[in-house]
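Worksheet for the structure shown next.
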Amino acid sequence: MTQQNDGWIKTTCAYCGVGCGVEARPTISGELEVRGDKSHPSNYGKLCTKGIALGETVIQDGRLLTPTLNTPHGEQSLDWSDATSLVAEKFAQTIKEHGADSVAFYVSGQLLTEDYYVANKLIKGFMGTANIDSNSRLCMASSVVGHKRAFGADTVPVCYEDLEQAELVVLVGSNLAWCHPVLFQRLRMAKQANPQLKVVVIDPRETDSDEISDLHLSIDSGADVALFNGLLNYLHRHNHIDQTFIKKHTQQFEQALESAQQEQCIERQTGLSGEQLAAFYKLFAQTNKVVTVYSQGVNQSTSGADKVNSILNCHLATGKIGKPGCGPFSVTGQPNAMGGREVGALANMLCAHMELDNPEHHQLVSEFWQAPLLANRPGLKAVDMFDGMADGKIKAVWIMATNPAVSLPNSEKVKQALANCPFVVVSDCIKQTETTALADLLLPVQGWSEKSGTVTNSERRVSRQRRVMPSPGDARPDWWVISQVAQKMGFGEAFDYLHEGEIFKEYATLTGLGNMNGERDFSLIGLSQLDDQGYSVLEPQQWPVLKHQTEVVNQRFFTHGQFYTADAKARFVPVSHKPPQSTVNSEFPLLLNSGRTRDHWHTMSRTGLAAQLGDHTPEPYVLVHPDTAAKYGLKDQSIARLHNRFGECLAKVTYSPQQQLAELFVPIHWNGQTANNSKPCNLIAPYTDSLSGQPEFKHTPVVIEPCLYQSQGLFLTRQPIELEGIEYWARQKIADGYAYHIESNRSPKELQICLSSLIKDQSRHMQYQDGNQNMVSRFISDQAQAMSEMIVVKGAFGEGEKAAYIASFNEPVDTTKAQSWFPAAQEIMA
Ligand SMILES: Nc1nc2c(c(=O)[nH]1)N[C@H]1C(S)=C(S)[C@@H](COP(=O)(O)OP(=O)(O)OC[C@H]3O[C@@H](n4cnc5c(=O)[nH]c(N)nc54)[C@H](O)[C@@H]3O)O[C@H]1N2
Ligand SMILES: Nc1nc2c(c(=O)[nH]1)N[C@H]1C(S)=C(S)[C@@H](COP(=O)(O)OP(=O)(O)OC[C@H]3O[C@@H](n4cnc5c(=O)[nH]c(N)nc54)[C@H](O)[C@@H]3O)O[C@H]1N2
Ligand code: SF4
Ligand SMILES: [Mo]
């Protein structure tokens, strides 16, 4: 098959783990057209709002263009040769002085497999430490532990088709509608085609995923183990256990059942009524084909791994696994979260689903890599790695494709750790992030549409991301930068790659080591003979790839009840409900839950550049039940301050009757680049699951109070601005510019003066004399061409002062009015 027609190039979406096939075509004017790839078996041409807007995000605002050294005297640009020499020298010197375990890499599920593979090879194989961890630690680590305990390997057994073939789909801790939208669309269509298909959503709050649910269980935060232990018990009591499967293919059922039977008062633990529990249990028990989809509501917990096994136990007990329309399904978050697990870029794995502490694996890999120093014991997991920087054990770190100052718990400590670490290198596409601000050396890399390699999606499908646009400045591929450093450290022979296809081929070969008879689940051996041309036109391949797949394959694991343990039997894991680490108290009486919003991706480095995506949720918000809001004196659409002993966070109150009374929800996206002080991670304790190391992001005691600001402003500008000393601001991308939503303790007059002083181009600055909206609109259409900045300030101005500036309201703050200004303001920017 050909990868190109009419200039359309097949690639894969930059965002979530659904891994949608995309076709992209650069236009003569340098823009990028994007459409869904109809031939891609994961999405068949569909894209969600984020995928559709990909073309809008390839603008170069904020890009890091050249290697940059941050010195006490300011920034200094370096060429690549000096920059990579510096990294090589610093890492070599640190290792020499303090040992291999004094250096670390912190990487990301947003790297391509080829980048990931080379990073892992360099640090584990040649630097001799397993101090490499990925932001997947924050994301998938509990699922990895759960899978390994139950199956003997980190295997996702199902494929997307199973959602369509199921009769019951249970979404546990997954807001599929917003976070895996194309999968959700597939499920919605399946339900339309088959009204017998039931959907149950298990989430403390109702979400858009409930649009298609038949039953919603508003479970208390952290109580999933109790719920699924209750289910195991019910299945046993009501004879819905598959005894044959259990006997033939599993171990430890009795122990798991015993644990489940000891579970006390499921209703109280879960906050669910007997009827609700019975309705769900009955549905699970009586339906043959069940898929349980789970995500961060399960993983991001101090009992994340146990939550996963409580779900797997129920599938094993009923034999609902390895058959069409059946199975547990851990959906992955990032575009290449799966790839990272496959290459082994986590501190407790080796590579290609081989283990650090397995002598046979160790020998295979050290021989293959010609790496006598190959690490043989686990390194530090993400949270511990940053603790290591804070207490001086880690003296050089290289961060790639992630923004830990925003996304790790207890942001303040993470920042201190980075500040304390003697040498911090950050490879990123963006110049200014909260993490790059703390780096000694910044390395500019290619982003989506520029880089080239492979990613693996949630159904184990490996797809090509292709280069469709030129990269700006000196940006290079991550694998190239890592290989350059490796060469300068003296490991040239092992890192002399000319292009990413060579890396892939080496990697595919590695997956076959000691794996000729399918000893391990993960294999790409069928691709090890791929030549450059073959790699260049590679169609999606679903692993295991024993033979190059020339047609679409949908395969499941465990169809014969064979697992990857020594005796090929799956393990039930006895688990019992443990409450989350923190509890609410009179000082911090509310629980903060955090997660995603539909149209933004993580720290918004890309989605924050698309005006199309800015409208859905323009500002950081906190979802509050209206009764709770009343109790704490919070008005809808007013700013509130959440705080606890770790820090504080500002967000706009949004009434949501779908919230539980004592729970709040804040999205993770806004950070120092897009808001003043609106990161939930400021508040989150670094408590982790003892087995998986995954932080408890969804369960944080806080208190909330209203912020009564005196004035509100809107600043529209073509270029981002720096707003200092303003209590609350949030940046939104609008057509051809940015809108800053502002609230302040200053009087309206003072705010006007402050904002006016930021106007760069005073000559083009328009002054408008009245608060009358009609006149503003007229003025806007007259002046649209000349407009580069505009401020609107509202608040209670004194009588006679209303004509002072651009637009002022001589009335109390009324947010609905501010909203009505906005479309007009947007027109100006267009
Ligand atoms: N739009 C968008 N999509 C994304 C991303 C994005 O940034 N934006 N990021 C991607 C990434 S990396 C990831 S990991 C995925 C995450 O995808 P999801 O896991 O679906 O998303 P979250 O919003 O983090 O959390 C899911 C739900 O868990 C619920 N929850 C909280 N606590 C509990 C609990 O104790 N039990 C249960 N059962 N539920 C609970 C929350 O209320 C929330 O609705 O999304 C991916 N897709
Ligand atoms: N409170 C709370 N915190 C959370 C979560 C939560 O639910 N609640 N979820 C957690 C989860 S699941 C995740 S996955 C993390 C995500 O958190 P992060 O990984 O910190 O978020 P991103 O914004 O995706 O960071 C990616 C960075 O990599 C850069 N980048 C993009 N492409 C490339 C590339 O090809 N190469 C390089 N070198 N850089 C690139 C981007 O510009 C951006 O700066 O957040 C975690 N933190
Ligand atoms: S569902 Fe995920 S992979 Fe597909 S278009 Fe949307 S963000 Fe991209
Ligand atoms: Mo994630």
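Ligands are counted one by one from 1 in listed order, and the atoms in each one are counted from 1 as well. Quick caveat, the model's predicted, so the values are computed rather than measured.
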Under a 4.0 angstrom heavy-atom cut-off, which atoms of ligand 1 come close to [X]?
X	value
Trp178	1 (N), 2 (C), 3 (N)
Asn593	31 (C), 41 (C), 42 (O)
Val172	38 (N)
Ser221	35 (O)
His600	1 (N), 2 (C), 6 (C), 7 (O), 8 (N)
Ser174	20 (O)
Pro204	30 (N), 32 (N), 33 (C), 37 (C), 39 (N), 40 (C)
Cys139	14 (S)

Checking the N or O distance criterion of under 3.5 Å, is ligand 1 in contact with [X]?
X	answer
Gly222	yes
Cys179	yes
Gln300	no
His180	no
Thr207	no
Asp203	yes
Arg598	yes
Trp601	no
Cys16	no
His602	yes

message = Applying the side chain to side chain donor-acceptor pair (under 3.5 Å) criterion to Asn348, which one of Lys381, Arg137, Lys148 satisfies it?
response = Arg137
Nearest protein heavy atom with distance in Å, relative to [atom]:
atom	answer
atom 34 (C) of ligand 1	Gly297 O, 3.3 Å
atom 19 (O) of ligand 1	Ser295 OG, 2.6 Å
atom 4 (Fe) of ligand 3	Cys20 SG, 2.3 Å
atom 6 (Fe) of ligand 3	Cys48 SG, 2.3 Å

key: Metal site atom 6 (Fe) of ligand 3: N/O/S of Cys16 inside 2.8 Å   = no
Of all the heavy atoms in [X], does at least one lie under 4.0 Å from an atom in ligand 1?
X	result
Lys50	yes
Met140	no
Thr597	yes

ask   = Is atom 4 (Fe) of ligand 3 under 2.8 Å from any N, O or S atom of Cys13?
value = no
note = Note: ligand 3 atoms sitting under 4.0 Å from heavy atoms of Lys50 are 7 (S)
ask   = What class does the angle between the rings of Phe646 and Tyr687 fall in, given that below 30° is parallel, 30 to 60° is tilted and above 60° is perpendicular?
value = perpendicular
ask   = Do the rings of Trp601 and Tyr15 sit parallel, tilted or perpendicular, given the 30° and 60° boundaries?
value = tilted
